[in-house]
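Counting convention: from 1, in listed order, for ligands and their atoms alike.
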Amino acid sequence: MATAKPVQIVGGGLAGLTLGIALRQHAIPVTICEAGNYPRHRVCGEFISGRGQQTLARLGLREMLDHAGAISAHTAAFFPATKSTTPRLLPSAALCLSRFTLDAALVKKFRELGGELQTGTRGSAVGVHALACPDRLKPELQPEGIVRATGRRAQAEESGSRWFGLKIHARDVPLIADLEMHVSPQGYVGLCKINGGEVNVCGLFRKRADEGGEAKNWRDLLRGQPGSPLRQRLASAEFDENSVCAVAGLSLHPQRAASRAEICVGDAITMIPPVTGNGMSMAFESAELAVAPLAGWSRGEMSWDAARQKIARDCDTAFTRRLAWAKWLQRLILTPSLQNPLVALAARSDWFWRMAFERTR
Ligand SMILES: Cc1cc2nc3c(=O)[nH]c(=O)nc-3n(C[C@H](O)[C@H](O)[C@H](O)COP(=O)(O)OP(=O)(O)OC[C@H]3O[C@@H](n4cnc5c(N)ncnc54)[C@H](O)[C@@H]3O)c2cc1C
């Protein structure tokens, strides 16, 4: 039997690590190069919702997450600036685990399976020449064997707004549901119970690109307006200062995998608005969709370009509809005049609540 050709994955986030694990399960030689180190906190709501949970089960990773302390979320409640809804049952339960723990557990598994992980190494330093301007290279000129899992593509502004995210963990936060979403004209903050008795406090905010003035401090942004239900929730919270992290330059405009010249997984394809809590699921799902074509290429049964096309087609089939729904949902939620009616509709109409939930995952 011909020796399997090695796959190199650039980026050791959820998509890269999941793909690395799945390829090792097929005995494909894999190296992941990751710019950062582990364990580390990430800006993320840490709420895994959608089909990615089945991916985790199929890859034999679900139990590992349970052992790592993942907890299930069953209820959600929504709060515009002043009102609140009564908690609703989530149509399907979500899984909640800090990224600090989740990414480290995936790293451990990848290494146990014989994968090689290079940390503190950027793709360009290990021969990924195309990474500087990948999409300008035609598919046939892309170097074979290299998968891009480098996460979101930074974009300074989008439609006149700059998007940024903040995250911190806290204790002593009384919640009426496993997930609370607090929306305001500037964005939204999710409060979600996670492992270890902590609550994830994570927000997505926008600032008009032409807006001057001083940047607000992260505490004020995450705590919400004085008098708001969010401010009350966090009034006596004990924050874990080591867990603070921030990310800027987010691009939330949906992209198609087929428009990428490289093989991409996870946010490197496109980012789904975080309000859906589905980005991690897309990272797991896209990694799973990439396994068979990459294994085929590695064993000499498929060309690199055929593998690229198959992965892109399957990802677009899986994600295009939910990305379109998520874009609209995010737009509606961030329209101040629609926030109250939308929350009222989600509270009163079981049909609307289920439809919005299911179409975005
Ligand atoms: C505010 C906010 C809240 C969110 N909340 C949720 C949520 O509740 N639920 C949910 O499902 N999703 C959520 N998401 C989305 C989720 O975090 C992402 O979809 C997910 O992390 C994507 O995984 P990934 O592996 O594609 O990218 P990442 O996890 O970002 O990993 C990419 C990795 O690549 C590395 N890298 C980048 N460039 C290079 C290079 N040149 N060489 C080597 N390494 C490199 C980076 O260091 C990083 O470790 C949220 C996102 C934001 C911004």
Please determine whether any non-hydrogen atom of [X] lies less than 4.0 Å from an atom of ligand 1.
X: T121; answer: yes
X: K167; answer: no
X: M282; answer: no

Tell me whether [X] is salt-bridged to [Y], with the criterion being a basic N under 4.0 Å from an acidic carboxylate O.
X: K193; Y: E180; value: no
X: E241; Y: R219; value: yes
X: E238; Y: R171; value: no
X: D316; Y: R313; value: no

remark   = Residue set satisfying side-chain contact (heavy atoms from CB on, under 4.5 Å) with A105, at least two apart, ordered chain then number -> M64
query = Considering residues at least two apart in sequence or located in another chain, which fulfil the side-chain contact (heavy atoms from CB on, under 4.5 Å) criterion with R88?
reply = D350, W353
request  = Would you indicate whether R58, at its atom CZ, is surrounded by more than 12 heavy atoms from other residues, nucleotides or ligands within a distance under 6.0 Å?
outcome  = yes
request  = Examine R322 relative to W325 and say whether NZ or CZ is less than 6.0 Å from the centre of the six-membered ring and inside a 45° cone about the ring axis.
outcome  = no
Ring-face cation of R359 near F357 (centre distance under 6.0 Å, axis angle within 45°) = no
Do any nitrogen or oxygen atoms of [X] come within less than 3.5 Å of a nitrogen or oxygen of ligand 1?
X: C44; result: no
X: A35; result: yes
X: C202; result: no
X: A15; result: yes
X: V265; result: no
X: G279; result: yes

T276 vs K327 side-chain heavy atoms within contact, under 4.5 Å = no
Going by the order shown, which atoms of ligand 1 are within less than 4.0 Å of some heavy atom of [X]?
X: L14; answer: 25 (O), 29 (O)
X: R40; answer: 49 (O)
X: E46; answer: 7 (C), 8 (O)
X: N278; answer: 10 (C), 11 (O)
X: G266; answer: 26 (O)
X: G203; answer: 1 (C)
X: M271; answer: 51 (C), 53 (C)
X: A149; answer: 32 (C), 33 (C), 34 (O)

inquiry  = Nearest non-hydrogen contact with atom 26 (O) of ligand 1 belongs to which option: V189, L179, D267, L252?
reply    = D267
request  = May I ask you to check whether Q255 and S259 show a side-chain donor-acceptor distance below 3.5 Å?
outcome  = no
